[in-house]
Number of protein chains: 2
Amino acid sequence: MGKRKTTPLKDHAPDGHHCTLELKTTKLGMVSFFRDLKQDELDQIVKRFSANHYQAGDEIYYQGEPARYLRVVVEGAVKLLEYTEEGKDVVLDILNPGSYFGSLKLLGSDVYTESAVAQSGSCILSIGLKDFREILQGFPSVGIAILDTSAEKLRSSQEHIKQLTTEPVETRIANILLTLSEKFGENKEEGTLIQLPFSRKDLADMAGTTTESASRVMSNFQKEGIIDTGRQWVEVEDIEQLKAIIQK
Amino acid sequence: MGKRKTTPLKDHAPDGHHCTLELKTTKLGMVSFFRDLKQDELDQIVKRFSANHYQAGDEIYYQGEPARYLRVVVEGAVKLLEYTEEGKDVVLDILNPGSYFGSLKLLGSDVYTESAVAQSGSCILSIGLKDFREILQGFPSVGIAILDTSAEKLRSSQEHIKQLTTEPVETRIANILLTLSEKFGENKEEGTLIQLPFSRKDLADMAGTTTESASRVMSNFQKEGIIDTGRQWVEVEDIEQLKAIIQK
DNA sequence: GCACTAAAATGATGTATATCAAATTAGTGA
DNA sequence: TCACTAATTTGATATACATCATTTTAGTGC
């Protein structure tokens, strides 16, 4: 259990100077649905995207706004969430580089149904839906690949539903920690540091519980040596025990 | 409040004689993602589908089976659900005619992650994924339309998550009744009969609660004159009051 | 190293809903 | 019309978790 003086998290790209065309080209090829394209095809597509940098906490879009872009995380992390009338936030997902978000409603016009916030300093690519439709028309294989990822998104959303209805808070949180360490994990001597700033409130909003309950669960995990944690950071020390909690 | 001697539900197609090629052709055009095709294009596509009839309660596929088909409900209703280890059933959706289900994972092989059960006598079309991939390659507009519906599915799944984490059982059930009456409602003198057999347990599995809690909520709704209900059937008498519960 | 502050932890209490148990009844089929 | 049975209802009790209130502390910036 470390008594540290500073966050173990790295100060993630506070400026956006690197969020450039070169990065676009190198990173866009990593996105699953462009993976099978040839280099010259990819180049054509890259041109249609524009890159933007967001600071941690910046709103990328807000629920209710007209949905005009499809976006891809190239660096950093993006939180998708719904703000409810009563002031509760429901976090739907936290996206890592390579994930797409925004709108896929290519027919007719639509509105974003969730909000997107940069969870850490992030470089995001966007493409207008009209441009994207043209890409799909030109490269049917891209459409098939996206269909695949979007089926995967539906799947994970359904898993979320299942957890909310069948698992207690402790298990749900264990699951979240496991997923986050897969998405954002960085190997350290003592364990896996989740390279993503997130508070107890964020965790609670992901698990569908309260800050206090999340805090209690995390305290227990730390007492049992499963994690080491501080403000906005978590390091998983004993993945096996975490998995055991999920199974039982 | 009716004291009836028999179910008001119609005995939905216990035989499958009508579940034929003609039905395929007429109904497939109604499916949103084939809607924009010309008649001769549609005819080509129809040939690749085969039709099957299922009795209420029949398993169409089971979670864990290799996922080889994409299916479309042409008549009846299909329940998508996950059976958990501890014996709890989580109902993800109840599909009405025109909805697709099954696999969209066209790349590589996969396994069904949920189970599908005919909720009433149903006529279902299926197409092998290889055939379907060919259709997509031939008609990119179909791909775009499916992307659209699958975005819609994700949306409704996220709405489900939001409800589970922010709304009490009563509100969740009110919402389900409203949705079902939109999907399966049949106008009667007294109100809207939900033309779909579903038990308190089904309702509970949809709302993520227990049979007993679902029953208590339904009893109250009936006392307040919002619904009339019996075994496996519900008629909504006062939609406005239902909506009021959802809002408040 | 020290003071500062928002994040996190902890404690006491309340409540919605689950659980367990039993009684009632709707709708069937003879 | 009647007996039958699974679906539904109802009641009593338990419990996980929320809520409210307060204290503690990690990590920053000076």
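Reminder, nothing fancy here: chain letters follow the sequence lines and each chain counts from 1.
- The side chain of A/Trp233 places an N or O atom within less than 4.0 Å of a non-bridging phosphate oxygen (OP1 or OP2) of D/dG27.
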So B/Glu235 and B/Thr192, side-chain contact (heavy atoms from CB on, under 4.5 Å) or not? Walk me through it. CA-CA 5 Å; B/Glu235 182 170 317; B/Thr192 307; 5.7 Å; no
Solution key, residues 87-96 of chain A side-chain donor-acceptor pairs under 3.5 Å, sequence neighbours excluded:
| residue | atom | partner | partner atom | Å |
| --- | --- | --- | --- | --- |
| A/Asp89 | OD2 | A/Lys201 | NZ | 3.2 |
| A/Asp93 | OD1 | A/Lys183 | NZ | 3.1 |
| A/Asn96 | OD1 | A/Ser99 | OG | 3.1 |

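- In this structure, CD of B/Gln232 is placed 10 Å from P of C/dT28, rounded to the nearest angstrom.
- Each salt bridge (Lys or Arg N to Asp or Glu O under 4.0 Å) pair with one or both residues in residues 96-105 of chain B, not counting sequence neighbours, appears once here: A/Asp148-B/Lys105, A/Glu152-B/Lys105.
- The side chain of B/Arg216 approaches D/dA12 more closely than any other nucleotide in the set D/dT19, D/dC17, D/dA12.
- Non-hydrogen atoms lying under 4.0 Å from DNA chain C are contributed by nothing in residues 79-92 of chain A.
- Residues of residues 206-215 of chain B that place a heavy atom closer than 4.0 Å to DNA chain D, in numerical order, are B/Glu212, B/Ser215.
- B/Asp205 places its CG atom 12 Å from the P atom of C/dA18, with the value rounded to the nearest Å.
- The side chain of B/Arg200 places an N or O atom within less than 4.0 Å of a non-bridging phosphate oxygen (OP1 or OP2) of D/dT9.
- The 5' end of DNA chain D is approached more closely, in terms of each residue's nearest nucleotide, by A/Pro168 than by the other of A/Pro168 and A/Arg231.
- Under the side-chain contact (heavy atoms from CB on, under 4.5 Å) criterion, B/Ser115 pairs with B/Glu59, B/Tyr62, B/Gln63, B/Leu81, B/Tyr83, not counting sequence neighbours.
- Sorted by first then second residue, the side chain to side chain donor-acceptor pair (under 3.5 Å) pairs that include residues 162-172 of chain A, not counting sequence neighbours, are A/Glu159-A/Gln163, A/Lys162-B/Glu82, A/Gln163-A/Asn175.
- The nearest whole Å value for the distance from the CG atom in B/Leu9 to the P atom in C/dA26 is 16 Å.
- Residues passing the side-chain contact (heavy atoms from CB on, under 4.5 Å) test with A/Ala67, sequence neighbours excluded: A/Ser103, A/Tyr112.
- Atoms CD (B/Gln163) and C1' (C/dA16) sit 17 Å apart, rounded to a whole Å.
- Crowding of A/Glu85 atom CD: a count of heavy atoms from other residues, nucleotides or ligands under 6.0 Å not exceeding 12.
- Note: CZ (B/Phe221) to P (D/dT10) measures 14 Å, nearest angstrom.
- Judged by a 6.0 Å distance limit and a 45° cone about the ring axis, B/Lys153 is positioned over the six-membered ring of B/Tyr100.
- Counting only residues at least two apart or on different chains, no ring-ring contact (aromatic ring centres under 6.0 Å, His included) pair has a member in residues 164-187 of chain A.
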Given B/Leu70 and B/Phe101, is the side-chain contact (heavy atoms from CB on, under 4.5 Å) satisfied, shown in steps? CA-CA 6 Å; B/Leu70 180 73; B/Phe101 64 112; over 6 Å; no
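- Residues passing the side-chain contact (heavy atoms from CB on, under 4.5 Å) test with B/Glu240 are B/Asp238, B/Lys243, sequence neighbours excluded.
- What separates CZ of A/Phe198 from C1' of D/dA26 is a distance of 16 Å, to the nearest Å.
- If you take CD of A/Glu170 and P of D/dC17, they are 9 Å apart, rounded to a whole angstrom.
- No side-chain heavy atom of A/Val74 sits under 4.5 Å from any side-chain heavy atom of A/Ile124.
- Atom P of nucleotide C/dA9 and atom CG of A/Asp228 are separated by 11 Å, given to the nearest angstrom.
- For the pair B/Asp205 (side chain) and B/Asp202 (backbone), a donor-acceptor distance under 3.5 Å is absent.
- Residues that satisfy the side-chain contact (heavy atoms from CB on, under 4.5 Å) test with A/Ala174, not counting sequence neighbours, are A/Phe221, A/Leu242, A/Ile245, A/Ile246.
- Rounded to 10°, the angle separating the first-five-pair axis and the last-five-pair axis of the helix from C/dG1-D/dC30 to C/dA30-D/dT1 equals 50°.
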Give me the distances for all protein-to-nucleotides 28-30 of chain D N/O pairs that come in under 3.5 Å?
| residue | atom | partner | partner atom | Å |
| --- | --- | --- | --- | --- |
| D/dT28 | OP1 | A/Thr7 | OG1 | 2.9 |
| D/dT28 | OP2 | A/Lys5 | O | 3.4 |

